[in-house]
> 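Could you have a look at this structure, given as structure tokens, before my questions?
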Amino acid sequence: MKKYLLFLLLAAIPFVGNTQKIHRQYSFYPQEGGNVYFIYPQKVFESNDAGALKKLTYDITYLAGRDSASFTFTYYTHNVMKIDSVKLLSDKMDVLFEGKAITYFVQPRKNYWQQRASLTLPYELLVKTFQEDNSFIISLTGKKSISYQMKPKVWKKQSQMISKIFDIVEYNN
Amino acid sequence: MKKLLFCLVAGAFLCSCGVTVKSPIAGAIFTDMVSGNAVTSNKLATKVGTSTATGYLGLIATGDASYQTAAKNAGITKISHVDERNFSILGIYTVYETIVYGE
């Protein structure tokens with residue numbers, strides 16, 4: 001019995017190790033008026049701010065041929081924090097982009113709040129941002145502000161993966 | 001006490017072996033596939049939203065993989081079509097994801 005269980009576990013390992021394969025990280029839907037590319041939610045941004053809870057999860061939607069892409073994200077806070085604007089900053093704190101955030105919803109969870117919002121930003125800027133050596137910073141601003149950044153190791157993997165997806169977008173258009 | 005604990009863990013593990021994620025083709029060892037779920041007469045899709053439910057050991061399942069939540073997550077008001085993503089390792093860890101396309 002032990003041997004059988006061990007075999008099953010070992011048999012699953014190769015598949016588990018491949019779960020980060022790139023084709024599992026995005027979807028591509030061809031249609032008239034421009035193909036839709038969607039990068040599945042990535043739970044990678046972390047914050048040191050006391051008011052922030054959990055990691056910020058983001059996903060990207062891009063309609064091929066358009067100049068802009070949607071950067072949609074979910075963030076969790078102890079208290080309600082509706083935001084007005086989002087800044088993308090370089091690791092040297094230079095402002096790369098600042099735009100108005102559209103809040104999709106604010107809802108209570110057990111003992112915290114879940115908020116989801118979207119930012120429309122130039123696609124070319126997004127591509128360039130993911131080519132940098134260090135993670136950019138997302139600064140969410142409302143009455144207060146919270147900043148999120150990826151850890152260097154996470155950024156290395158994440159930037160390679162997202163950049164590869166952007167390459168796929170380019171090759172297919 | 002150790003035997004009881006072992007029985008509980010083994011029981012949970014064996015139970016999970018028979019439980020896989022909802023999928024057109026389910027693999028007992030491993031499942032990772034995307035399939036179609038629904039389509040409407042709305043052709044255009046400019047937004048994509050997802051919602052997820054997760055299962056552990058075939059005993060606990062939590063989450064919200066509804067169309068409503070997936071649409072809400074992307075601000076979609078007109079659904080074009082819906083896909084689903086199924087992921088399972090030995091039935092011990094399973095993920096069911098709804099992917100809604102629309103505008």
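Sequence lines set the chain letters: A, B, ... in the order given, protein chains first and strands last, and positions in each chain run from 1. This one's a predicted model, so the numbers in the text were calculated from it and none came from an experiment.
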> Just to be sure I understand the criterion: a residue of residues 74-95 of chain A counts if one of its heavy atoms is under 4.5 Å from a heavy atom of chain B. Which ones qualify?
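Residues in range: none.
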> Relative to chain B, which segment of A:Thr61 carries a heavy atom at a distance below 4.5 Å: side chain, backbone, both, or neither?
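Only the side chain of A:Thr61 comes within 4.5 Å of chain B.
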> Would you mind checking which part of B:Thr52 comes under 4.5 Å of any heavy atom in chain A, side chain (CB onward), backbone (N, CA, C, O), both or neither?
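Nothing of B:Thr52, per the 4.5 Å heavy-atom cut-off to chain A.
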> Checking heavy atoms, do the side chain of B:Leu44, its backbone, both or neither come under 4.5 Å from chain A?
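For B:Leu44, the contact with chain A is made by backbone and side chain together.
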> Going hydrophobic residue to hydrophobic residue with side-chain gaps under 4.5 angstrom, can you get from B:Tyr101 over to A:Val169?
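No, B:Tyr101 does not connect to A:Val169 through the hydrophobic network.
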> Heavy-atom count around A:Asn173 CG within 6.0 Å, excluding the residue itself: above 12?
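For A:Asn173, atom CG is crowded (more than 12 foreign heavy atoms under 6.0 Å).
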> Which atom pair, heavy atoms only, marks the closest approach of B:Thr50 to A:Pro41?
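Minimum heavy-atom contact is OG1-CG, 3.4 Å.
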> Is A:Ile60 reachable from B:Val48 through a run of I, L, V, M, F, W or Y residues, each pair having side-chain heavy atoms under 4.5 Å apart?
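Cluster IDs for B:Val48 and A:Ile60 differ.
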> Any link between A:Tyr62 and A:Ile22 through a network of hydrophobic side chains (Ile, Leu, Val, Met, Phe, Trp, Tyr) touching at under 4.5 Å?
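Yes.
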> Report yes or no: is the cationic atom of A:Arg24 (NZ for Lys, CZ for Arg) closer than 6.0 Å to the six-membered ring centre of B:Phe87, at no more than 45° off its axis?
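A:Arg24 over B:Phe87 ring: no.
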> Report which part of B:Asp83 has an atom under 4.5 Å of a heavy atom belonging to chain A: side chain, backbone, both, or neither.
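Neither part.
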> Measure the spacing between CD of B:Glu97 and OH of A:Tyr40 and express it to the nearest 0.5 Å.
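Rounded to the nearest 0.5 Å, the CD-OH separation comes to 6.5 Å.
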> Are there over 12 heavy-atom neighbours, none belonging to B:Gln68, within less than 6.0 Å of that residue's CD?
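No, not enclosed.
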> Just checking heavy atoms, which of residues 99-136 of chain A are less than 4.5 Å from chain B?
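Interface residues of residues 99-136 of chain A: A:Tyr104, A:Phe105, A:Gln107, A:Arg116.
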> Taking side chain as everything from C-beta outward and backbone as N, CA, C, O, which of these in B:Tyr93 sits under 4.5 Å from a heavy atom of chain A? Side chain, backbone, both or neither.
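Neither part, no heavy atoms under 4.5 Å.
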> Would you kindly confirm whether B:Val100 and A:Tyr26 end up in one hydrophobic cluster when ILVMFWY residues are joined by side chain heavy atoms under 4.5 Å apart?
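No; tracing contacts between hydrophobic side chains, which count when under 4.5 Å, never links both residues.
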> Same cluster or not: A:Tyr58 versus A:Phe38, using hydrophobic residues (I, L, V, M, F, W, Y) connected whenever any side-chain heavy atoms lie under 4.5 Å apart?
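No, separate clusters.
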> Going by heavy atoms in the side chains, are B:His81 and A:Tyr29 under 4.5 Å from each other?
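They are in contact (side-chain heavy atoms under 4.5 Å apart), so the answer is yes.
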> Using side-chain heavy atoms (C-beta onward) and a distance below 4.5 Å, is A:Thr72 in contact with B:Lys47?
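When only atoms from C-beta onward are counted, B:Lys47 and A:Thr72 do not touch, as no gap falls below 4.5 Å.
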